> 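Below is one structure. I have some questions about it.
First listed ligand is number 1; within each ligand, the first listed atom is number 1. As the structure is a prediction and not an experimental result, all values here were calculated from the model.
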Amino acid sequence: MKTKCLLLMMCFLLSISLSAQKKLSKNKAKIATSVENHKSNLISISDEIWANAETAFEETKSSNLLADYAEKNGFKVERGVAGMPTAFVATYGSGKPVISVLGEFDALPGISQKAQPTKEALEKGSAGHGCGHNLFGAGSLGAAIAIKELIEQGKIKGTIKFLGTPSEEKYFGKIWMVREGLWDDVDVNISWHPSAEIKADVQTSLALVDYKIEFFGQAAHASGDPWNGRSASDALELYTTGINYYREHVKPTVRMHYHIEDGGQVVNVVPDYARLWMRVRDTKRSGMMPVYERTMEMVEGAAIMANVDYKVSLISGIYEVLVNRTGGEIMQKNLEILGPISYTDDEIAFGKKIQEVTGKEQVGMDSSIKPLKATKEHPGGGSTDVGDVSWNVANINLGVTTAPKDTPWHSWAVVACGGMSIGHKGMLYASNAMAMTMLDLFENPKLVAKVKAEYKKRKSDEVYKAIIPEGPPPIPTN
Ligand SMILES: [Zn+2]
């Protein structure tokens, strides 16, 4: 009687709906229980990463929070992989299949925000989790642990890997992890991203390349002897003017952005130094490369006009995501089993307030499960270094609602939701959906073969070549 009561209680405690629980296989029910058992720890890890809000390659506390919890749960953890102190690999089990799951944890500079539905910095000028990577890392770890427990109990055989992948927002840390061969023995990789909807993500992303341009001139008094000056910022202005004219003559899928990092310091000195961060994107790497080359040629033109010297330094570049629809279909089935996320009245009010403040229709969160979408040839949108992983191993992507519908991304509003229960619910949902999809792969070798076959077919004879300079990743030295 006592056990029955306890079981019943546990049933009601689970984060997923009762109707979903009824549809679960024995092992999937074990996953739901595992996620539930780790729920409070996963939430506090996510909240700590959220509050620390560490940026590119400086995510020491965030990386340790995840790596420590993996270690505590029996994973063998290797820290500081691929030349990045905050990158790590946590492994459990042995033999085939080898399934990996990605965990990001870096924040974005300057968008600190309290967990409230109106804009107010937690710490003015500080970073914030405007892409929800605090949820990303902790949610993926929850999925990895659920699989680990099934291997431990002898329910499935194989290896689970959790890869802690730093600096997604700035330098794209996964590229160096790919170069290190960290997915060479992996059969299928799985990943998710916080979103404003729940979807088995079968859309690609944009390829991009980042480089810096420095101009070197001759300083002089801006009024006293300007004829002695050769202005580095003149070259910078001429260059960006050229780029802005060039926009008219590129394909509509191309995007070009720049950030002026140094345009001179004061008004009365002809600047002898200027620096620009330049980015080129297109929906395919093959379309991006010629534009990238053209924008590099233009640097010389600007330097000639301003009579200055220049230096171009490649930072890194990423591939578009290679879609895997077979994997997407497996994920879709699990989303249909799990169903939508349910929200409390307070959460709905929180979401609507954000929509009111950001000028959106006040409809709250969208967590409905829609049919699997067709894969678009040119999807638009952003870029991710998951792209590089997806050209080296079959990859399955998931998006889960962690913010209200139409929320401006990379903004205070996403930070706000990631630090409270709307974000937490999405995170735990992702743990369940990813673990259940991985379980399908562990239980069915034919599915693994099918996912891998699609990967091979889509990759075809394309030879992957990372767009990064020789040498170590650009770890800050201070
Ligand atoms: Zn992101």
> How close do Gly419 and Asp47 get, counting heavy atoms only, and between which atoms?
O-OD1, 4.2 Å
> Not counting sequence neighbours, which residues clear ring pair (Phe, Tyr, Trp, His ring centres under 6.0 Å) with His129? List them please.
none
> Identify, with sequence neighbours excluded, every residue that meets side chain to side chain donor-acceptor pair (under 3.5 Å) alongside Lys28.
Asn334, Asp440
> Would Lys96 and Asp187 pass as an ion pair if we require N to O under 4.0 Å?
yes
> What residues, two or more places apart in sequence or in another chain, satisfy side chain to side chain donor-acceptor pair (under 3.5 Å) together with Tyr258?
Asn244
> What are the protein N, O or S atoms, given as residue plus atom name, that sit under 2.8 Å from the Zn ion (ligand 1)?
Cys131 SG, His133 NE2, His193 NE2
> If you measure from the Lys or Arg side-chain nitrogens to the Asp or Glu carboxylate oxygens, is any gap between Glu462 and Lys459 under 4.0 Å?
no
